[in-house]
Each structure stands twice: as structure tokens, then as C-alpha cells.
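Single-structure report; data block below.
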Amino acid sequence: MYPDQNFTPYTPPQPPKPTYTPADHTYAWLSLLFAFLFCQAVPVIDYPFGGFLLILALFISGFVILRIKKLKLSPVCVLSALSSLVIGSALLLTNTEFLMKLSYTYCLASYLYFLYAAFGNRIEQGFSDYIYIDFIKILFIMPFTSLGAIFPALSGKSTKKGSRFLLKVLVGIGIAFIPTLLVSVFLSYDSGFQKLMDDIFSFELDFGHTFLSLMFTLPLAMYGFGLYAASQKKTLQGKMTAQSCENGLQKVKILPQLTAAVAVLPILFLYVVFFISQWKYYVSGFTGVLPADFSYAEYARQGFFELCSVSVINLIMIVSIAFFIKRGKHNRSVMLMIVATVFCLCTLILISTAVAKLVMYINYYGLTQKRIYAMWLMALIAIVFLLIALGQFLRKFKTVAVCLCVAIVMFGALAVCNVNALCARYNTDRYLSGSLETIDLEAMEELGDAAIPSLVRVVTSMDAEKDPQLKQNIDVILYEKAEQFRNEDVSLFSFSLPSALAKSALRDYVPNVPPAGSYVISEVEVNGRYVYRNSNKPENNVIIHPDRTGTITFEDKTASFRISDDTFIVDDITFQISCNWTAEYELLSVRLSWDGDEDSYEIRLEPAK
């Protein structure tokens with residue numbers, strides 16, 4: 001048998017090459033630009049305004065591109081954009097590093113969801129309980145299905161309109177360059193305008209940072225445009241649907257109801273025994289009475305993290321049972337309703353106990369970041385368990401979607417409230433009202449710029465005679481912060497509201513601390529009588545270092561001191577000291593006490609020439 005000479009081997013049809021519109025071509029170039037700017041804005045805590053502008057630019061460009069494509073945005077897309085702008089504003093309103101990073105991450109993830117949903121790729125329309133599957137597709141699947149799509153989109157070979165569109169844009173930029181330059185030169189006579197332009201465009205080029213930015217720009221742009229291209233092609237739309245997800249969930253429901261009941265009974269029994277044995281101990285948190293042999297710190301901390309851990313375990317138990325337990329008719333399970341409700345009730349009791357203990361702790365010691373985070377987390381857990389219990393009795397209740405919305409709203413409130421400033425104001429109000437014995441200055445310093453206005457309010461409102469050492473220590477903190485602001489190189493992209501408010505507060509208050517430098521002693525007065533008047537002896541001097549340590553040299557004797565301490569050392573003999581600095585007259589007043597005798601020294605200083 002001879003082969004047919006006219007036989008042609010079968011070749012499968014090649015998929016059509018993708019075509020890109022001018023909007024796609026533009027978005028590809030924008031993806032490169034945004035990826036580079038994202039790398040340059042890292043870390044966002046150093047460039048909060050730059051990070052916020054990037055978020056704003058992402059959503060504006062997204063709206064414009066989708067408008068050009070004549071796509072109608074769903075309410076979920078609009079809410080996603082609005083929530084990102086609100087939470088993104090936390091970059092300007094707070095200086096809490098942890099919250100700034102979380103807010104920035106949320107805004108970027110929300111933008112990816114915005115693109116994905118705008119092209120109609122969601123598994124289920126409206127508020128869906130399958131949103132977690134949507135995010136699995138967004139983050140780990142769809143971008144990689146079109147990872148190389150950016151290259152033909154950048155080249156513009158797929159459409160002649162794209163090349164003409166890019167050419168028109170470049171010509172417009174070229175035409176605007178010279179007039180813009182001339183206007184900028186003519187307006188530079190104004191000092192305010194010139195300073196603003198310097199803040200925007202003057203920066204030191206960090207070659208290492210720039211090199212890393214360029215290295216990561218292309219991979220990030222490929223990822224971002226890959227999601228855009230895959231969303232536009234609606235990749236996986238027919239493979240991952242609401243029905244297929246429902247069928248998959250039904251297949252894993254293999255746990256008999258009796259088995260689930262037997263599995264949870266030992267845990268519920270332990271809860272009953274625990275509540276009975278510890279009833280008086282935990283109820284004291286609600287009555288405000290401290291148990292015997294406990295300090296407030298010990299009482300608040302003992303068992304607190306264990307209670308929170310048990311709450312998380314309860315949540316895992318409820319979710320696991322809901323996933324794996326077999327259902328009866330109408331996809332309902334009486335056993336699941338009973339188990340979930342009982343677990344929710346036990347968890348709410350544990351959470352209320354932990355909250356009561358934490359409130360007692362705050363009333364005694366004041367607020368800190370961690371205490372606010374703990375209170376927020378417990379409130380969120382309590383609301384989630386209430387919603388889970390409610391979902392057992394409402395058939396069409398979207399538990400996952402509603403819990404996610406509540407978490408976003410609560411996180412937005414936490415992010416924009418400026419936790420650091422809230423802590424500082426609360427502790428300041430308590431101290432000035434007399435309900436808080438003292439202020440933890442170490443904790444206040446950790447709050448950064450947000451604490452400066454409150455510290456200024458304390459030092460201007462407190463009775464200096466009551467606690468002169470506290471006033472002196474606050475003055476040192478304020479002076480060092482003022483020096484930091486004076487010496488730092490700032491740009492418009494590093495602007496934040498806490499820093500602006502701190503600078504404003506320091507402009508209105510002069511810390512009672514001598515600035516670092518070298519001074520010549522011109523006059524010395526002891527007990528109201530001048531003993532020295534001579535400004536021509538540079539060997540009689542005072543040197544103050546930036547760390548607030550210094551030395552006083554007078555008549556061949558040298559004394560070492562530290563401004564924030566209450567000791568003054570001369571030839572290994574320790575004196576009690578209080579320093580008072582009058583900035584207007586450059587006067588350093590020192591009051592010494594030794595062997596029961598007190599001498600009042602008034603030392604007038606002049607800056608060394």
C-alpha cells in the first residue's frame with residue numbers, strides 16, 4: 001500500500017493574534033510608569049503623599065480607560081474605588097507605620113479587584129460570598145495567563161491607530177515643553193511658587209534605589225497589564241462559575257452531623273467547666289474590682305492572649321463544620337445552627353471578658369497603640385460572631401460578604417483616625433484632668449510627630465512647680481524634634497498631616513532648652529551677687545552637645561552634666577541641679593544643692609565666636 005501523494009498533514013488552526021486598541025496601548029505604557037513610581041515610593045512611610053498620588057493616578061487612569069471602552073461600572077467597582085480613596089488618605093492623616101503599610105496594600109489590592117470586576121469577571125454578581133475565590137483568580141491565576149501581553153501592546157504593531165495615537169501625544173508634549181518652561185521661569189520671581197517647585201522637583205538621586213526600581217519595573221508591569229488583558233478577554237469565565245463553585249463545595253460536605261456533634265461536645269464541656277471555675281475572677285473585670293494578689297498589668301495580661309486565641313479557634317471550628325458537614329433538605333442543617341450559635345455565644349462571653357479587663361487596664365495606665373489594636377480586633381471578632389449567628393437563621397444572608405464589608409469599614413475608621421494622635425490626646429487629657437498620675441514619655445516618643453502637639457499642650461498647661469523634671473524632659477524632646485525638622489530635607493511627596501501639625505505646634509512654642517553649641521561665660525551671679533564679669537576669657541565656657549550632654553569650664557574647674565537629668569557632677573562630687581534656659585536672653589540658670597547648702601547660680605552665656 002502506497003501513501004497518498006496528495007496527503008496534507010493536519011495542522012490545528014492557530015488562535016488569532018490579539019489586537020490592541022489605542023486605549024490598551026496607552027495603558028501598557030502607563031503600567032510601566034506606574035510600576036516604576038510604585039518602586040520609587042517604597043517605603044511608603046517615607047513618601048506618604050507620593051503613595052497617595054499614585055493610588056489616585058491608578059484609579060483616575062482606570063476610570064478614563066474604562067470610559068473610553070464604554071464600560072458601565074457596577075456599584076461594587078465604585079465602592080471599591082471610593083473605599084480605596086478613603087483608606088488611602090490614611091497615608092496623609094497618620095504616621096503609624098503599621099497602618100500605613102496595611103492601607104497601601106489594601107488600596108493596591110482593591111485596584112486589582114476594580115479592574116477585574118469592571119470587565120465582568122466576578123463569579124457572582126452583587127455582594128457575593130465567593131469573593132475570596134475572586135481574589136484567588138486575581139492574585140494567582142489571571143495575571144500569569146497573559147503575562148507577556150504587555151510586549152505586543154507596547155510595540156503598537158497590532159494597530160496603526162495606536163501608533164498614530166502615541167505620535168499625537170508625543171507631539172503635544174513637545175509643543176507644550178517650551179511654553180511651560182518659559183512660564184515657569186517668569187513665575188519664579190514669587191518665592192512661594194519657587195519653594196513649591198523646589199519641593200516637587202528637587203531630590204537627590206539614589207542610584208541604588210533607582211537601579212532596584214528599574215529592575216522590578218518590568219515584572220510588575222507585566223503582572224499588572226497581564227491582569228488587565230486577562231480580565232478584558234474574560235479568561236476562566238466559563239471555567240470558574242458560581243455553579244461550579246457550589247458543586248465543588250457540595251462534594252466536600254462529607255462529615256455526618258452526628259460525628260460533628262460528638263467532635264464539639266468535649267470543647268463545649270470544657271467551656272462550661274471553665275466559666276464556672278473562673279466566674280468570680282473574670283466577673284471582677286465588669287465590676288472594676290481588682291482581684292487580690294494582682295496588679296492591673298498582671299490582671300489584664302493574664303489570659304488575655306489565650307482568650308483571643310480561643311476565639312480564633314472557635315471561628316476555625318465553625319468555618320470547618322460549615323464546610324464539611326452534610327446538609328439535609330433545602331441545604332439546611334439543624335445541627336450546624338445549634339453548634340454555630342453555641343460557639344458564637346461562648347466566644348462573645350470570652351470577648352466581653354477580655355474587653356472588660358482591657359478597659360480596666362486602660363483606665364489605670366492610659367492608651368497605647370497595642371491597646372487600641374487589641375480593642376479594635378476584639379470588637380471586630382465580636383461583630384463577626386454576631387453576624388455568623390445571625391446567618392444561621394436567615395437563609396439568604398451573605399455572611400462572608402457582610403463580614404468583609406464590616407471589616408473594611410472598621411479598618412477604614414482605624415486607619416484614618418490617626419491612632420498615634422488619639423493615644424497622645426487621650427493620655428494628655430487624662431493627665432491634665434488629674435485622672436492619670438503621670439505621662440510615659442518613652443511611650444509618647446514612640447508615637448512620633450503625632451504626639452508633639454499634645455506634648456506642647458502639656459508643657460504649656462501644666463504647673464511647672466508641680467513636676468519641673470517632667471517639664472524639662474518634655475522640653476528636651478521638643479527641642480530635639482525641632483532640630484530634626486530644621487535639618488531634614490523634605491519634599492512635597494513626604495508631606496503628612498501629623499508632621500505639618502507638629503511643625504505648627506513647635507513654631508508657637510520655644511522649648512526651654514539651650515541649643516547645642518559652644519558658649520562663652522560672660523557673667524556669673526551667685527545668690528544675687530555678681531562674682532564674674534568678663535567675656536574675654538574663652539577658657540570659661542559651656543559646651544552643649546546634640547545629645548543634651550555638656551560641660552561647664554570655669555576657673556580651671558570642669559563640670560559635666562546632662563540637661564534631662566537632675567544631677568550635676570564636679571570632680572566626682574554629685575550635686576542636685578535644675579536647669580532653666582531663657583532663650584530670649586541666652587541665660588542658663590543653675591540651682592545647686594550640696595551638703596545641705598544651696599547656692600543659686602545665674603550664668604549668662606554668649607555664643608562663642
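Any value given below was found using the heavy atoms of this structure, including those in side chains, with hydrogens, waters and symmetry copies removed.
Ring orientation note: the planes of Phe114 and Tyr111 are close to parallel, at an angle under 30° on the 30°/60° scale. Ring planes of Tyr113 and Phe135: parallel class, angle under 30° (limits at 30 and 60°).
Shortest non-hydrogen contact noted between Pro453 and Leu501 is CG-O, 4.0 Å. Summarising the geometry of Arg457 relative to Arg425, their closest heavy-atom pair is NH2-O, 4.0 Å, with the distance given to 0.1 Å. Nearest heavy-atom pair across Gly391 and Phe397 is CA-CD2, 3.6 Å.
Within 6.0 Å of the CZ atom in Phe216, the count of heavy atoms belonging to other residues, nucleotides or ligands does not exceed 12.
Tested against Val459 for a side-chain contact (heavy atoms from CB on, under 4.5 Å), the candidates Leu470, Ile477, Ile474 yield a single pass: Ile474.
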Run the numbers on Arg430 and Glu437 for salt bridge (charged side-chain N to carboxylate O under 4.0 Å, His left out), then give the verdict. CA-CA 9 Å; Arg430 291 277 309 276; Glu437 292 184 3; over 6 Å; no
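Using modelled atom types, no side-chain atom of Ser499 and backbone atom of Ser496 make a donor-acceptor pair closer than 3.5 Å. Judged by distance alone, the side chain of Asn95 and the main-chain N or O of Pro498 form no donor-acceptor pair under 3.5 Å.
The side-chain heavy atoms of Leu82 and Val86, taken from C-beta on, include no pair separated by under 4.5 Å.
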Report all side-chain donor-acceptor pairs from residues 42-50 shorter than 3.5 Å, counting only partners two or more places apart or in another chain.
none

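For Phe343 and Phe385, the distance between ring centers is not under 6.0 angstrom. Close placement of the Phe144 and Tyr223 rings is indicated, their centers lying within 6.0 Å of each other.
Under a cutoff of 6.0 Å and an axis angle of 45°, Arg371 and Tyr361 form a cation-pi pair.
Between the CD1 atom in Ile138 and the CG atom in Asn121 there is a gap of 8.5 Å [rounded to 0.5 Å].
A salt bridge links Asp449 with Lys481: at least one charged nitrogen is closer than 4.0 Å to a carboxylate oxygen.
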